[in-house]
Number of protein chains: 2
Amino acid sequence: MNNKIPEKVVGRFTLYHSILLEYIEEGIELISSPQIAARLGIDDSQVRKDFILLKKSGMRRIGYSVKELKETLEKSLGFADKKDAFIIGAGYLGLALAKYDNFMYYGLNILALFDNDPLKVDMQIGDKMIFHISKLSNLVNRLNVDIAILTVPKAHAQKVTDLLAEAGIKYIWNFTPAVLKVPPEVKVCNENIMASFLRFAYKDIQQ
Amino acid sequence: MNNKIPEKVVGRFTLYHSILLEYIEEGIELISSPQIAARLGIDDSQVRKDFILLKKSGMRRIGYSVKELKETLEKSLGFADKKDAFIIGAGYLGLALAKYDNFMYYGLNILALFDNDPLKVDMQIGDKMIFHISKLSNLVNRLNVDIAILTVPKAHAQKVTDLLAEAGIKYIWNFTPAVLKVPPEVKVCNENIMASFLRFAYKDIQQ
DNA sequence: TAGATTGTTAATCGATTAACAATC
DNA sequence: TAGATTGTTAATCGATTAACAATC
């Protein structure tokens, strides 16, 4: 949509958005860059610099309209464009993601889950079916899905990834700790939970 | 332990570690920086530069000993130092994290879960009890725990955070999409899942 | 007006990449 | 030896912070 916003800025955009939702709940109509910055512990000029990318002006001496800023952020982050996805693996993590309301709000539409456990197959999670993994290839094609969210045990991660690539999945959001091998046309995004913890532990948690 | 390793490098360290585990499984004893770099799609001089921080030498013309490199990484990442933590919120995500084997391996020891749902209280997840949230303050003090992993619904996040801070928790690993307000002595690390997706979507997923 | 805030440029800082001598 | 790889420095690139004129 817009011409390239750096990843780091996209990350901050979601935090700004979350703060704006709070302000709306509290009925506050104006917000300033120092207010946002203080809330996040960052520099206020960074907030304003990020906003340049939104091409949306504030009001000098006043700040920004909470409502307009929120809508501009949503447009920029592409909330409008729905993206369909499958969840692969119906363990606790898969189920947690299947029930995560926020996804729909942010434009990510989970159509179904897949698992190889006969006890789970054909169950329903909210309005989402759990299919046997053997049905994947068929459904990827029929429903034209190209995003998979991978939550299987680490030991099966590569095997299942090969299946996904073969079925025609183009984007894998990887919640397993495995470093996946994929053909060049497939993109992987690693949600490395352990790495996040270690970063946290390393930065903040002294003995 | 070591004198400050940048967050980004810690993140890469975990990826290097994961690759080394694979090499060990396959019985390969040597690995070179170009091999690691190719696997991760990064620059090989970056790999070597990161290794400078480990103060562990490789062998020119040969590469690095997989086994030694793995052990050095583990020492540097502080695997040895066990850290106790509570999970707050026994929904699917809380349960997923409670059963996440990797935590223990990386030195994070989950002692128990907390919830306010009477149906969940007193249940057991593996070897971990679910306590009523009212017992939190008591147990934080008795067991000397200062890390909480927050997986409650967004609507309750701030309220529960206030409880945690009051009980004496010093580190909150926040899996909710809320931007938490905490007193200055409490550190928060945000696991912003939606932000990760949007970064992914923004970078890679074109319409 | 006086004062607070924006918008933006310049300065600083840190991270990545390129290059290459040392070397086994 | 010849060739591949390390270790490290220098060059580049990008992100953050400082500073301040414009302005409502």
Side-chain angles (χ1 to χ4, degrees), chain A residues 2-16 19-20 23 28-70 72-73 76 190 195 198-199 202-203, chain B residues 2-16 19-20 23 28-70 72-73 76 190 195 198-199 202-203:
Chain A
N2 301 32
N3 14 343
K4 268 307 164 214
I5 294 181
E7 272 188 64
K8 283 220 156 180
V9 180
V10 174
R12 283 196 297 269
F13 275 2
T14 65
L15 296 174
Y16 301 157
I19 292 172
L20 293 173
Y23 269 66
I28 304 172
E29 287 177 8
L30 292 170
I31 194 167
S32 71
S33 59
Q35 280 177 309
I36 296 174
R39 196 77 171 63
L40 294 173
I42 62 176
D43 201 276
D44 58 301
S45 56
Q46 181 159 78
V47 175
R48 292 196 298 281
K49 197 155 204 205
D50 287 347
F51 286 172
I52 293 177
L53 298 169
L54 293 175
K55 285 163 194 146
K56 180 81 184 63
S57 313
M59 293 157 284
R60 283 168 206 264
R61 211 191 93 87
I62 307 282
Y64 303 84
S65 150
V66 171
K67 187 162 158 291
E68 283 179 24
L69 194 53
K70 169 177 166 281
T72 309
L73 277 171
S76 170
N190 291 309
L198 289 173
R199 266 194 292 260
Y202 220 88
K203 189 177 48 164
Chain B
N2 302 33
N3 14 344
K4 267 308 165 215
I5 294 180
E7 273 187 64
K8 284 220 157 180
V9 180
V10 174
R12 284 197 295 271
F13 275 2
T14 64
L15 296 173
Y16 301 158
I19 292 171
L20 292 172
Y23 270 65
I28 305 171
E29 288 178 6
L30 290 170
I31 193 166
S32 71
S33 57
Q35 279 177 309
I36 297 175
R39 196 76 172 63
L40 294 172
I42 63 177
D43 202 277
D44 59 301
S45 57
Q46 181 158 78
V47 175
R48 292 196 299 282
K49 198 155 203 204
D50 288 346
F51 287 173
I52 293 177
L53 297 169
L54 293 175
K55 285 162 194 143
K56 180 83 183 59
S57 313
M59 292 156 287
R60 281 167 207 264
R61 211 190 93 86
I62 308 278
Y64 302 84
S65 151
V66 171
K67 189 163 158 291
E68 285 179 22
L69 194 52
K70 168 177 167 282
T72 309
L73 276 171
S76 169
N190 290 308
L198 289 172
R199 268 194 291 261
Y202 220 89
K203 191 177 44 165

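This structure is a prediction, so every number in the text was calculated from the model and none was measured. Note on naming: letters A, B, ... go to the chains in the order of the sequence lines (proteins, then strands), and numbering restarts at 1 for each one.
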Engineer: Which atom pair, heavy atoms only, marks the closest approach of Ile36(A) to Phe51(A)?
Structural biologist: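 Looks like CD1-CZ, 3.9 Å.
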Engineer: Could you tell me which non-hydrogen atom of Ser65(A) sits nearest to which non-hydrogen atom of Met59(A), and how far apart they are?
Structural biologist: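 So the two residues come closest at N-CE, 3.9 Å.
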Engineer: Identify whether any heavy atom of Ile42(A) sits under 4.0 Å from a base atom; if not, whether one sits that close to sugar-phosphate; answer base, sugar-phosphate or nothing.
Structural biologist: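 The residue Ile42(A) makes no contact with any strand.
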Engineer: Considering only heavy atoms and no angle criterion, is a donor-acceptor pair shorter than 3.5 Å present between the side chain of Arg60(B) and the base of dT23(C)?
Structural biologist: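 Check fails, no donor-acceptor contact within cut-off.
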Engineer: Below 4.0 angstrom from OP1 or OP2 of dT9(C), is there any side-chain N or O of Arg48(A)?
Structural biologist: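 Checking dT9(C) against Arg48(A), no side-chain N or O comes under 4.0 Å of OP1 or OP2.
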Engineer: Using both distances under 3.5 Å as the test, list the Watson-Crick or G-U wobble partner of dT12(C), or none.
Structural biologist: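 Looking at the geometry, dT12(C) pairs with dA15(D).
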Engineer: Look at the side-chain N and O atoms of Ser33(A) and state whether any lies under 4.0 Å from the OP1 or OP2 oxygen of dT5(C).
Structural biologist: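 It does not, given that no N or O in the side chain of Ser33(A) lies less than 4.0 Å from OP1 or OP2 of dT5(C).
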Engineer: Nearest whole Å is fine: how far is dT6(C) C1' from Asp50(A) CG?
Structural biologist: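 For the pair Asp50(A) CG and dT6(C) C1', the rounded distance is 14 Å.
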Engineer: Atom NZ of Lys49(B) to atom C1' of dT17(C): distance rounded to whole Å?
Structural biologist: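 To the nearest whole Å, that distance equals 9 Å.
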Engineer: Take the protein atom CG of Asp43(B) and the nucleotide atom P of dT16(C), then report the distance between them rounded to whole Å.
Structural biologist: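 That distance rounds to 10 Å.
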Engineer: Could you state the CD1-P distance from Ile52(B) to dG7(D), rounded to the nearest angstrom?
Structural biologist: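 Going from CD1 in Ile52(B) over to P in dG7(D) covers 8 Å.
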Engineer: Whole angstroms only, please: what is the CD-P distance between Gln35(B) and dA4(D)?
Structural biologist: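 From Gln35(B) CD to dA4(D) P: 14 Å.
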Engineer: Report the base-pairing partner of dA21(D) (Watson-Crick or G-U wobble, both distances below 3.5 angstrom), or none.
Structural biologist: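 For dA21(D), the partner nucleotide comes out as dT6(C), under the 3.5 Å rule.
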Engineer: Considering only side-chain heavy atoms of Gln46(B), which listed nucleotide, dT8(D), dT17(C), dA19(D), is closest?
Structural biologist: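 Out of dT8(D), dT17(C), dA19(D), the nucleotide with an atom closest to Gln46(B)'s side chain is dT17(C).
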Engineer: Relative to the 5' end of DNA chain D, which residue comes earlier, Met59(A) or Lys8(A), by the nucleotide with the nearest heavy atom?
Structural biologist: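 This one resolves to Lys8(A).
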Engineer: Is Ile19(B) close to Ile31(B) at the side-chain level, that is, under 4.5 Å between some pair of heavy atoms?
Structural biologist: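 Answer yes - side chains close enough.
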Engineer: Counting the atoms with a prime plus P, OP1 and OP2 as sugar-phosphate, which does Ser32(A) contact under 4.0 Å by heavy atoms, base, sugar-phosphate, or nothing?
Structural biologist: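 Counting heavy atoms under 4.0 Å across all strands, the contact made by Ser32(A) is with sugar-phosphate only.
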Engineer: Between dG14(D) atom P and Arg12(A) atom CZ, what is the distance in whole Å?
Structural biologist: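 It is 15 Å, rounded to the nearest whole Å.
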Engineer: Looking only at non-hydrogen atoms, find the nearest pair between Arg199(A) and Val10(B) and report the distance.
Structural biologist: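 It is N-CG1, 3.9 Å.
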Engineer: Between dG14(C) atom P and Ile5(B) atom CD1, what is the distance in whole Å?
Structural biologist: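 In whole Å, dG14(C) P and Ile5(B) CD1 are 16 Å from each other.
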Engineer: In whole angstroms, how far is the P atom of dT16(C) from the CG atom of Leu40(B)?
Structural biologist: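 Distance check: Leu40(B) CG to dT16(C) P gives 13 Å.
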Engineer: Between Gln46(B) (side chain) and Asp43(B) (backbone), is there a donor-acceptor pair under 3.5 Å?
Structural biologist: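 Side chain of Gln46(B) to backbone of Asp43(B): no pair is present.
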Engineer: Does Tyr64(B) reach a base, just sugar-phosphate, or nothing at all? Heavy atoms under 4.0 Å.
Structural biologist: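 It contacts sugar-phosphate atoms only.
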